[in-house]
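Take a look at the structure below.
Lettering follows sequence order; numbering is per chain, from 1. What you see is a predicted model, and the numbers here were worked out from it, not measured in a lab.
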There are 2 protein chains.
Amino acid sequence: MERTDDLGALVFRLGRRLLAMEQPILARHELSMWAYAVLTGLRDGPMRTQAALAASIGADKTRLIPVLDDLQQRGLIEREPDPTDRRVRLLGLTTAGRQTHQSIEADIRSGEDEILASVPEQDREAFIRTLLALSPR
Amino acid sequence: MERTDDLGALVFRLGRRLLAMEQPILARHELSMWAYAVLTGLRDGPMRTQAALAASIGADKTRLIPVLDDLQQRGLIEREPDPTDRRVRLLGLTTAGRQTHQSIEADIRSGEDEILASVPEQDREAFIRTLLALSPR
DNA sequence: TATTGTTATACTCTATAACTATA
DNA sequence: TATAGTTATAGAGTATAACAATA
């Protein structure tokens, strides 16, 4: 298949388009993209350190801290020292955090479906399969 | 097809991976990503205004200016006032600019092929086809 | 008065390194 | 001494608005 632009440019533009779609949804919940990434990172279970969470979502641990401060203060995550090693913070979603995540996720999924609507079913499946295979972590 | 993470996260991560692959190639030529985007934008022919070029590569016109200054000074682009409207700058690649672009493009293409190597032919074609369909402009 | 390009500036994002508290 | 988390800070990237030159 002949390509005109490089893959990087195409992926970059699609990323911007997806971000533009997600931005108003996140703004309605007053959450940043990284805050939403944190909720997603904790969706499948608690984490034992902030560094592990940061690595799992591809963020720097230092820039996660104000995000975690905010999410904790708003009651969307739990964050308490591990009694067996008080350097460590145990992280998990609260019920409110889980609900917020699910609500945002549903809206984002709708937006994605709209964007993907014009793509034939077979290509759509191959596209997502390839994306999963090529995205690190 | 069931998705675990949202499309945005997957596209974002793939974008970072592609950028990491391109960075050392561009560094060898001492060019930024935007400088390369400019060369790509002029590859298929000259442009009549800087604003048009900026729009065509999805950049802000103000942040293109230092990039154009540098490319012009290094003899990779031509940039001269339109005699019929001296507000306008006519933009085009020099021979050196075209050669530089082709050299970088070939290296980037190799890097992409490596990344795509593990993806089955059919999926790879559907992936690129879908990317072209979904990337604005 | 409108348009192209330019400059200045302020704002955000990000990474680095230094610091604290525990172990 | 090593590790988890935190803070401070500097650097890069970006957007906004003001400005100069043409039309």
Side-chain angles (χ1 to χ4, degrees), chain A residues 8-9 12-13 15-20 22-24 26-27 30-38 41-42 46-73 77-92, chain B residues 8-9 12-13 15-20 22-24 26-27 30-38 41-42 46-73 77-92:
Chain A
F12 181 75
R13 280 178 216 155
R16 268 217 294 225
R17 185 177 173 192
L18 288 166
L19 191 64
E22 293 180 5
Q23 217 65 271
L26 294 168
E30 298 181 65
L31 288 177
S32 68
M33 194 195 65
W34 285 115
Y36 178 63
V38 164
L42 295 174
M47 290 231 174
R48 218 182 84 80
T49 72
Q50 297 181 181
L53 173 61
S56 80
I57 63 176
D60 192 282
K61 64 168 183 163
T62 65
R63 92 172 170 236
L64 228 50
I65 286 167
V67 175
L68 295 175
D69 289 347
D70 179 59
L71 289 172
Q72 180 181 24
Q73 195 207 319
I77 63 167
E78 273 163 2
R79 183 201 203 186
E80 48 188 50
D82 182 343
T84 73
D85 181 347
R86 306 221 333 269
R87 291 173 304 184
V88 166
R89 302 281 175 278
L90 301 174
L91 301 165
Chain B
F12 181 74
R13 281 178 216 155
R16 268 216 295 225
R17 185 177 174 191
L18 289 165
L19 191 64
E22 293 181 6
Q23 217 65 273
L26 294 169
E30 297 181 66
L31 288 177
S32 68
M33 193 194 67
W34 284 116
Y36 178 63
V38 164
L42 295 174
M47 289 230 175
R48 218 182 83 80
T49 72
Q50 298 181 180
L53 173 62
S56 81
I57 63 176
D60 192 282
K61 65 168 182 165
T62 64
R63 92 171 170 237
L64 228 50
I65 286 168
V67 175
L68 296 174
D69 289 347
D70 178 59
L71 289 173
Q72 180 181 23
Q73 195 207 319
I77 62 167
E78 273 163 2
R79 183 201 204 186
E80 49 187 50
D82 182 343
T84 72
D85 180 347
R86 304 218 337 268
R87 291 173 305 182
V88 166
R89 302 281 175 277
L90 301 174
L91 301 165

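- The phosphate of C:dT4 has neither OP1 nor OP2 within less than 4.0 Å of any side-chain N or O from B:Arg86.
- Below the 3.5 angstrom threshold, one finds a donor paired with an acceptor across the side chain of B:Arg87 and the base of C:dT3.
- For B:Pro81 against B:Arg86, the heavy-atom pair with the smallest separation is CB-O, 4.1 Å.
- Across C:dA15, C:dG5, D:dG5, the shortest atom-to-atom separation from the side chain of B:Thr49 is found for C:dG5.
- Closest approach of A:Leu90 to A:Pro83, counting heavy atoms only: CD1-CD, 4.3 Å.
- In this structure, CG of A:Leu53 is placed 13 Å from C1' of D:dA4, rounded to the nearest angstrom.
- For A:Gln72 and D:dG5, the CD to C1' distance is 13 Å, given to the nearest whole Å.
- Nearest to the side-chain atoms of B:Ile65 among the listed nucleotides D:dA23, C:dT16, C:dT7 stands C:dT7.
- At whole-Å resolution of the value, CG in A:Leu19 and P in C:dC13 are 11 Å apart.
- For B:Arg79 and C:dT6, the shortest distance from a side-chain N or O to OP1 or OP2 is below 4.0 Å.
- Checking D:dT6, C:dT6, D:dA23 against every side-chain atom of B:Asp85, the shortest atom distance belongs to D:dA23.
- Side-chain contact check for A:Thr49 versus A:Arg87: every heavy-atom pair is 4.5 Å or farther apart.
- Whole-Å rounding puts the A:Asp69 CG to D:dG5 C1' distance at 11 Å.
- Spacing between atom CG of A:Leu64 and atom P of D:dA4 amounts to 15 Å, rounded to whole angstrom units.
- Computed from coordinates, the A:Met47 CE to D:dG5 C1' distance equals 17 Å when rounded to whole Å.
- Across all their heavy atoms, A:Ile57 and A:Trp34 have their closest contact at O-CZ3, 3.6 Å.
- In this structure, B:Arg63 atom CZ and D:dA17 atom C1' are separated by 17 Å, rounded to whole Å.
- Nearer to the 5' terminus of DNA chain C, by closest-nucleotide assignment, is the contact made by A:Lys61 (compared with the other of A:Asp82 and A:Lys61).
- With B:Arg13 contributing its side chain and A:Gly58 its backbone, the two residues share no donor-acceptor pair below 3.5 Å.
- Between C:dT4 and B:Arg89, no contact under 4.0 Å exists linking OP1 or OP2 to a side-chain N or O.
- Checking the phosphate oxygens (OP1, OP2) of D:dG13, no side-chain nitrogen or oxygen of B:Trp34 falls inside 4.0 Å.
- Distances from the side chain of B:Asp60 to the nucleotides D:dA4, D:dT16, C:dT6 place D:dT16 closest.
- Rounded to an integer number of Å, the gap from A:Arg16 CZ to D:dT14 C1' is 11 Å.
- For A:Val88 and A:Thr62, each mapped to the nucleotide of DNA chain D holding its nearest heavy atom, the one lying further toward the 5' end belongs to A:Val88.
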